[in-house]
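The structure appears below as structure tokens.
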Amino acid sequence: MTFLGMPLLRSKHAHSDLPGGQGNIVEAEAFPEASQQHLSNQQLRNNIGHATSTIRSKRAEVVSELDDWERLRDAGEATKNEVMENLPEYLAQFEAAFTAAGGIIHWARDADEANAIVTELVEDNAPVLESGRREVIKVKSMATQEIGLNEHLEAEGIDAFETDLAELIVQLGDDKPSHILVPAIHRNRDEIREIFMDKMPDAGQLTNEPAVLAEAARKHLRHKFLTTKVAISGANFGIAETGTLGVVESEGNGRMCLTLPETLITVMGIEKLLPRFADLEVFLQLLPRSSTGERMNPYTSFWTGKFEGDGPQNVHLVLLDNGRTRALADEHGRTALNCIRCSACMNVCPVYERTGGHAYGSTYPGPIGAILSPLLTGVEDEANGSLPYASSLCGACYDVCPVKINIPEILVHLRGEDVKANHSPVSSQLDAALTGASWMMSDGKRMTAAEKGLPLAHKVTGGEQINDLPGIAGAWTSSRDIPALPEKSFRQLWAEEEADGSDEKGQR
Amino acid sequence: MTDTAREEILARINEALGRRGGGEYVSSTVRTTSASAAPANADDVDTTDGPAATEATAADSGYHHEGAHTGEDLVDLLIDRLVDYKANVHRASGDPGETIAELIGDHSSVVVPRGLDETWLAGFSGDVRVDSPGEELSVDELDAQGAVVTASAVAIAQTGTIVLDGSSTSGRRAITLVPDHHVCIVRTGDIVDIVPEGIARLDAHAPLTFISGPSATSDIELSRVEGVHGPRTLDVIILEA
């Protein structure tokens, strides 16, 4: 087991704060346990290792083409900070502009409220088919994944068809997404072929070539695109100045959903705003290069309300809180809301690469998920309180983040919050040991006195390394060995050196 | 119900930001980290022409606003990037009609937006369907077209990106989406070097589609494969003009 240095003592503390989010952002069990089963899955580790190393080199190559990359990151960071500091003003401005352009805005405090709003809109606009059910097509969206929209709609008699290839693989395989950009990153081409052969009755005989599998997806969804009346999307950006929404994609399934249906329902977190249309000049450079490692993704669509004679004439937007205001209230953690969902942090993370995304339990896995999920729910949700420990704090995530979110710093901050909220304030063995160590080490004389015990300790342990300490210290030795104790301390050796070699020192 | 949600979310944000002042959700002082200003009060929002001036630029950290390529270098860069993302590139000067006729010669019917220069299709022997307001082709009709021929608003060389803006020569969005073959004319005068120059030329209030190569996916083992739901063939004609 990977020992994450997690405190083991837990006690429940009531926390009165802004309400946390609900939905698919909660770990069912703590990360160390949740990651166990995935770590032993060799196929999964091979698939993820292959995919993340591919994308890492693609990203590095296209980022190196821009000599102003660091300045673009600075601009991205400053712009998102500006949004958070003025969020009420920008939301009001966005609302006015989107409404003036013929769109309709709905506000949702949490997942339940958002799901209810979308359900009502679908019931009002999608016909009941012969099967007795309604249908909608969907563009890949993290927000709707977060609120568990598909499951909710299914129970309400509405079938939601995912149209992104990876989402389709996940949906047909009755699986869960494991990566925010490539939800089926844990599947290789052979597994995808099997799922398609099994779940697409008309597909016929398929090979495992990606081009063949992509073609099968095209045929499978074509009729749905051309006939479905209602589409549901997320949004990568909302422009406060103009009321414009944007979706960045690759396959054209986004364009299909945003263009052909009569009704378009978009679900967007309140933090997705950018102040000005001109800000896209920064974010349309940062996002594709960080995300798919392309200079630009194949398709990006922008729409502002409705356009006469072009595209959906019934255009809705659900603005979602679901714990975002709670995250905003944490002044040391709020920059996690600056995330533009590129997934670069996942692709460089040594922990993610080994456990895969499912171990994080939440819609948001990897380094960003390890801070965002507990920020949205609050760390006093104990299983999410374990997520900030799912890191070696190596800092690779911070280096690649296009908006410079200092993920390691927030991880450490949240570990502190977890200790405050979930772990006993009563003085433990560890506390007593640390208090004693602090008393001893803060005074040179006490330290010298303690070191006099070394020769004895060396003898007692027989000069062997220590593998098994008693009491709470046993948690340390459960996954580490302590090297053999020396006969003399460094300070003792140094004092002897000083006494013997004062002449040599003078010659230096 | 929704109004209550709105007020509550805005109140939560004010609380989260540590702002005082009861139910008032809009502060009179706007804290900005960049030089440009946000609206001071939501009531002041002029929806016809946003208060944060359209000229306002993003937080300026000294990134490039203009590229260094000009003339033939600029065209060469665009071609290089288009080809890299598997678009087919052709060049024409004056009249692209001959090139268009060659590219769509195998189709029996194509669609064009109403503003496209009709002489460009003179060399094509099949049907030319013109999509115009009040006489839009249905989705099924579009699905029956072998190709679509349009012009474009801007092309960004550095990223190999072509932007359609819903104008009478770019066409409404569906016509460049449903047919499986898109022939797109880019005028050399519409080519810019880098993304900021491209954004500066666009109108946010138009339906905008950025196209960089034909439809593609990286969803299987993160290898890029061309050809999913959008047009699987993208022919770009660079027109000296």
Side-chain angles (χ1 to χ4, degrees), chain A residues 18 51 54-55 68 71-72 74-75 78-79 81-82 85-89 92-93 96-97 100 106-107 109 165-166 182 189 210-211 214 218 226 241-242 244 250-253 255-256 259 276-282 284-285 292 295-296 298 300-304 307 309-310 321 325 328-329, chain B residues 2 5-6 8-10 12-16 25-26 30-34 38-39 42 45 47 50 52 56-59 61-64 133 139 143 159-161 166 172-174 177 195-196 199 204-205 207-213 215-223 225 227-230:
Chain A
L18 289 166
T54 305
I55 194 78
D68 58 347
R71 280 167 278 167
L72 287 166
D74 289 337
T79 304
N81 284 343
E82 183 191 337
E85 284 164 27
N86 300 285
L87 195 53
E89 290 75 21
Q93 190 188 15
H106 311 261
W107 298 71
R109 282 165 284 202
L165 180 52
V182 196
R189 59 185 71 191
R218 178 183 170 101
L226 303 190
E241 171 193 23
T242 56
T244 303
S250 294
E251 297 162 21
N253 63 309
R255 293 178 69 193
M256 289 281 182
T259 309
R276 298 153 293 263
F277 184 70
D279 294 319
L280 290 170
E281 71 186 31
V282 172
L284 285 184
Q285 298 193 71
T292 50
R295 295 185 192 100
M296 193 68 91
T300 299
S301 299
F302 292 104
W303 71 101
T304 306
F307 304 104
D310 188 347
D321 179 350
T325 48
L328 188 68
Chain B
T2 324
R6 177 186 192 274
E8 191 174 326
I9 291 171
L10 291 170
R12 286 177 186 178
I13 298 170
N14 276 330
E15 189 189 331
Y25 62 82
V26 175
V30 172
R31 284 154 281 193
T32 53
T33 47
S34 79
V45 170
T47 51
T57 51
S61 59
Y63 60 84
H64 302 313
V139 170
D143 199 25
T159 57
T161 303
R172 70 190 171 97
R173 290 172 291 169
L177 175 61
V195 174
I199 298 292
H205 298 92
L208 298 173
T209 306
F210 288 53
I211 297 173
S212 308
S215 162
T217 181
S218 302
D219 280 351
I220 300 170
E221 299 179 8
L222 281 171
S223 314
V225 179
V228 198
H229 304 296

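Because the structure is predicted, anything quoted here is derived from the model rather than measured. Below, chain A is the first sequence line, B the second, and so on; all start at residue 1.
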> Within a strict 4.5 Å, meaning less than it, do heavy atoms of the Leu208(B) and Ser301(A) side chains meet?
Replying inline: no

> In terms of heavy-atom pairs under 4.5 Å with chain B, which of Thr54(A), Asp74(A), Leu72(A) leads?
Replying inline: Leu72(A)

> Going by heavy atoms in the side chains, are Arg173(B) and Trp303(A) under 4.5 Å from each other?
Replying inline: yes

> Any donor and acceptor pair, going by atom type alone, linking the side chain of Ser61(B) with main-chain N or O of Arg71(A) inside 3.5 Å?
Replying inline: yes

> Under 3.5 Å, is there a donor-acceptor pair between the side chain of Arg218(A) and the main chain of Val228(B)?
Replying inline: yes

>> Side chains of Glu281(A) and Tyr63(B) only: does a donor on one sit below 3.5 Å from an acceptor on the other?
In response: yes

>> Do Ser215(B) and Glu251(A) pair up side chain to side chain, a donor and an acceptor below 3.5 Å, judged on atom types alone?
In response: no

> Once you round to the nearest 0.5 Å, how far does OG1 of Thr209(B) lie from CZ of Arg255(A)?
Replying inline: 5.0 Å

>> I need the residue from Gly160(B), Gly230(B), Ser218(B), Ser212(B) with the largest number of non-hydrogen atom pairs under 4.5 Å to chain A.
In response: Ser212(B)

> Which bit of Thr217(B) comes within less than 4.5 Å of chain A, counting heavy atoms only: side chain, backbone, both or neither?
Replying inline: both

> What's the shortest heavy-atom distance between Val182(A) and Asp219(B), and which atoms?
Replying inline: CG1-O, 3.6 Å

>> Is there a side-chain contact between His106(A) and Arg6(B) in this structure, where contact means two heavy atoms from C-beta onward sitting under 4.5 Å apart?
In response: no

> Considering only heavy atoms from C-beta outward, does the side chain of Glu8(B) approach that of Trp107(A) to under 4.5 Å?
Replying inline: no

> CD1 of Ile199(B) to CG of Leu284(A): how many Å apart, nearest 0.5 Å?
Replying inline: 5.0 Å

>> Between Gly227(B), Gly213(B), Pro207(B), who has the most heavy-atom pairs with chain A when the cutoff is under 4.5 Å?
In response: Pro207(B)

>> Ignoring hydrogens, what is the shortest heavy-atom contact between Met296(A) and Thr159(B)? Give both atom names and the distance.
In response: CB-CB, 3.8 Å

> What distance do Leu177(B) atom CG and Thr259(A) atom OG1 have between them, rounded to the nearest 0.5 Å?
Replying inline: 5.5 Å

> When rounded to the nearest 0.5 angstrom, what is the spacing between CD in Glu89(A) and CG in Leu10(B)?
Replying inline: 9.5 Å

> Relative to chain B, which segment of Ser250(A) carries a heavy atom at a distance below 4.5 Å: side chain, backbone, both, or neither?
Replying inline: both

> Which atoms form the tightest heavy-atom contact between Ala211(A) and Val225(B), and what is the distance?
Replying inline: CA-CG1, 3.6 Å

> Got a sec, which residues hit side chain to side chain contact (heavy atoms under 4.5 Å, CB included) with Ala204(B), two or more places apart in sequence or on another chain?
Replying inline: Thr242(A), Thr244(A), Phe277(A)

>> If the condition is side chain to side chain donor-acceptor pair (under 3.5 Å), which residues does Asp68(A) pass it with, not counting sequence neighbours?
In response: none

> Between atom OG1 of Thr304(A) and atom NE2 of His205(B), what is the distance when rounded to the nearest 0.5 Å?
Replying inline: 6.0 Å

> CD1 of Ile211(B) to OG1 of Thr300(A): how many Å apart, nearest 0.5 Å?
Replying inline: 10.0 Å

> If you count heavy-atom pairs under 4.5 Å between each of Asp310(A), Asn253(A), Leu87(A) and chain B, which one has the most?
Replying inline: Asp310(A)

>> Between Arg189(A) and Ile220(B) (side chain of the first, backbone of the second, donor and acceptor by atom type, cut-off under 3.5 Å), is there such a pair?
In response: no

